[in-house]
Amino acid sequence: MENQVTPERRPVVLSAIQPTSIPTIGNYFGALKNWQTMSEDNDCLFAVADLHALTVHPEPAKLRQQIIEMYATLLSLGLSPEKNIIFIQSMVHAHAELAWILDCYTMFGEAQRMTQFKDKSQKHADNVNVGLFAYPVLMAADILLYQADYVPVGADQKQHLEIARDIAERFNNLRGATFKLPEPYIGKIGARVMSLQDPTQKMSKSDVNPKASVFLFDSPDLIMKKFKSAVTDSEAQVRYADGKDGINNLMSIYSCCTGLDFDAIEKEFEGKGYGDFKVRVAEAVIEEIRPVQEEYARLMKDKAFLMQTANEGAEKASRIAYRTLQKAKKKVGLIVDK
Ligand code: ATP
Ligand code: LTN
């Protein structure tokens, strides 16, 4: 049929975040903000990775609350549940099922090399469970089920994307083309927001020092206080340079909020001290996240809407995931129902 316009397949984007606490501005600038941008031109799926969170043994009532809070957070970013599929991972059964199949196509040695596994097993030496070890395989299942083209994450997740590709490639080579190989999408600035108290370490949700991380739902006063006490250096000059980790980090955060490059930031603060600069960074962050905070407060008052939207999201995701799961099951020799 001539002249018939075939709709082009838009790239599929998938990402997820664990409901382990309120997100930090590291999660926001490293991952969530890119989700917002990408949702305009791609077919996007965003998930609350609650199965992954089980690896750290959260208290059940607390986890249930945090899953809802994270789901509301995703909606409050302005990600529309009509245009994107926004769901809770454990509500789509195919994830756990494909993860088992992929476990059997993942080598012990390659999982053992994962930096996050090594870090977390050191930090939680009393709870090095098999789930923690198989964590990247479940993450691979999340991605491969939807034949995702791009996966927007912070820089710390790059290695997990590489293993997802390796697992997919091994499976495809052994059993025939089944999975699309995903590409990471890592933003240039904001991919690694550092701790305000130790700018050589990444800002983390689980940092024990409450001044180290700024959370998305911190009050403006608290955000101001945290930035004012951020660790810097003694040079008193706002410029991006090696060895100025604290200032480099504040400049990156300011750049994420304003879109200004480092040259422009240096000019803006020429002759000004760190005190002024810190206040401006804090104000920019407060402004940037204000709409998210307002929408979150509104959504958390409507649990029925959140649950209904989560159920609809899971149904839509399940339909897509089921197709890939059936294909993979057939390829490995399992009997499928239809
Ligand atoms: P935890 O501190 O509990 O290990 P986390 O803060 O690393 O958790 P995750 O849920 O593991 O959070 O990650 C969610 C997303 O945020 C991922 O895409 C991750 O790459 C990104 N991310 C996490 N921390 C940072 C950071 N400091 N800078 C930029 N991106 C980050
Ligand atoms: N491990 C990820 C969270 C995650 C994820 C995913 C990210 C779970 N499944 C699939 C991208 C795609 C993290 O951010 N720490």
Side-chain angles (χ1 to χ4, degrees), residues 12-35 38 44-56 58 66-67 69-70 73-74 77 87-90 92 95-96 98-99 102 114-117 119-124 131-132 134-146 148-165 167-168 182-209 212-216 249 252-253 256 317 321:
V12 174
V13 166
L14 175 133
S15 201
I17 182 164
Q18 299 185 72
T20 37
S21 101
I22 303 290
T24 65
I25 57 166
N27 303 131
Y28 177 75
F29 290 122
L32 301 175
K33 201 175 174 190
N34 288 328
W35 297 12
M38 293 180 102
C44 292
L45 299 113
F46 298 118
V48 177
D50 55 346
L51 293 174
H52 280 103
L54 293 179
T55 53
V56 293
Q66 284 178 329
I67 295 170
E69 286 174 358
M70 187 56 85
T73 305
L74 300 190
L77 292 168
F87 67 102
I88 296 170
Q89 180 193 36
S90 67
V92 179
H95 290 246
L98 182 65
L102 297 181
M114 294 294 109
T115 316
Q116 184 176 299
F117 173 67
D119 285 355
K120 298 237 156 154
S121 17
Q122 250 174 19
K123 272 194 202 145
H124 309 278
L132 195 65
Y135 179 113
V137 189
L138 177 59
M139 181 164 159
D142 298 341
I143 300 166
L144 301 179
L145 274 174
Y146 301 95
D149 295 276
Y150 299 107
V151 183
V153 281
D156 61 310
Q157 293 299 308
K158 190 161 176 258
Q159 203 185 23
H160 286 165
L161 257 293
E162 282 159 9
I163 197 175
R165 283 174 67 93
I167 297 168
E183 300 277 349
Y185 176 89
I186 298 172
K188 280 197 192 71
I189 298 170
R192 201 182 285 276
V193 175
M194 309 311 276
S195 153
L196 295 188
Q197 291 301 311
D198 176 1
T200 62
Q201 297 295 314
K202 78 159 193 162
M203 184 180 284
S204 164
K205 286 193 238 151
S206 46
D207 202 306
V208 284
N209 183 347
S213 310
V214 174
F215 294 91
L216 214 47
N249 188 36
S252 301
I253 294 172
C256 288

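Numbering of ligands and ligand atoms starts at 1, following listing order.
Near V153, with a cut-off below 4.0 Å to any heavy atom, the atoms of ligand 2 are 7 (C), 11 (C). Of all atoms in ligand 1, listed by their number and element, those nearer than 4.0 Å to a heavy atom of S204 are 1 (P), 2 (O). Close approach of ligand 1 to I17 is summarised as follows: ligand atoms under 4.0 Å from at least one heavy atom of the residue are 10 (O), 14 (C). In summary, the atoms of ligand 1 found under 4.0 Å from a heavy atom of M203, numbered by their order in the structure, are 24 (N), 26 (C), 27 (N). Heavy-atom proximity to L14, at under 4.0 Å, picks out these atoms of ligand 2: 10 (C), 12 (C). The contact set between ligand 1 and V193, taken as ligand atoms under 4.0 Å from a residue heavy atom, comprises 26 (C), 27 (N), 28 (N), 29 (C). Within ligand 2, the atoms closer than 4.0 Å to a non-hydrogen atom of H52 are 8 (C), 9 (N), numbered from 1 in the order shown. Listed by number with element, the atoms of ligand 1 under 4.0 Å from a non-hydrogen atom of S206 are 1 (P), 2 (O), 3 (O). Heavy-atom proximity to V151, at under 4.0 Å, picks out these atoms of ligand 2: 11 (C), 12 (C). Listed by atom number, the atoms of ligand 2 under 4.0 Å from D142 heavy atoms are 6 (C), 8 (C), 9 (N), 10 (C). The ligand atoms of ligand 2 that sit less than 4.0 angstrom from a heavy atom of A49 are 8 (C). Close approach of ligand 1 to G30 (heavy-atom distance below 4.0 Å) involves ligand atoms 29 (C), 30 (N). Within ligand 2, counting atoms from 1 as listed, the ones closer than 4.0 Å to a heavy atom of I143 are 10 (C), 12 (C).
Using cut-offs of 30° and 60° on the angle between ring planes, the pair W35 and F46 is parallel.
Distances shorter than 4.0 angstrom do not occur between any heavy atom of T24 and any atom of ligand 1.
By the 3.5 Å distance cut-off applied to N or O atoms, Y135 is counted among the residues near ligand 2. Polar contact with ligand 1: absent for P152 (N/O pair, distance under 3.5 Å).
Only the side chain of K120 comes within 4.0 Å of ligand 1, judged by heavy-atom distances. Residue-level proximity to ligand 2 for Q89 is absent, since no heavy atom of it falls below 4.0 angstrom. Proximity of R192 to ligand 1, defined as any heavy-atom pair under 4.0 Å, is confined to the backbone N, CA, C and O atoms. Contact annotation: for A31 versus ligand 1, heavy atoms closer than 4.0 Å belong to the side chain alone. At a 4.0 Å heavy-atom cut-off, ligand 1 touches A191 through the backbone alone.
Ranking the protein heavy atoms by distance from atom 30 (N) of ligand 1 puts G26 O, 3.2 Å first. The shortest contact between atom 18 (O) of ligand 1 and any protein heavy atom is with G154 N, 3.1 Å. For atom 11 (O) of ligand 1, the nearest protein heavy atom (residue, atom name, distance) is Q18 NE2, 3.4 Å. For atom 10 (O) of ligand 1, the nearest protein heavy atom (residue, atom name, distance) is K205 NZ, 2.8 Å. Nearest protein neighbour of atom 24 (N) of ligand 1, counting heavy atoms only, is K202 NZ, 3.4 Å. Ranking the protein heavy atoms by distance from atom 16 (O) of ligand 1 puts N27 ND2, 3.0 Å first.
Residues Y150 and N34 fail the side-chain proximity criterion, which asks for heavy atoms closer than 4.5 Å. Under the 4.5 Å side-chain criterion, counting only non-hydrogen atoms from C-beta, F29 is not in contact with I189.
Side chains of T24 and N27: a donor-acceptor N/O pair is present below 3.5 angstrom, by distance only. Q89 and D142 share a side-chain donor-acceptor pair at under 3.5 Å.
In this structure, CG in N249 is found 12.0 Å from CD in Q201, a value given to the nearest 0.5 Å.
Counting only non-hydrogen atoms, the option in D156, V153, N249 that gets closest to atom 19 (C) of ligand 1 is D156.
Between A164 and I143, the shortest heavy-atom contact is CB-CD1, 4.4 Å. Of all the heavy atoms in V151 and S15, the pair that sits closest is CG1-OG, 4.5 Å.
Ring pair H160/F117: centre-to-centre distance not below 6.0 Å.
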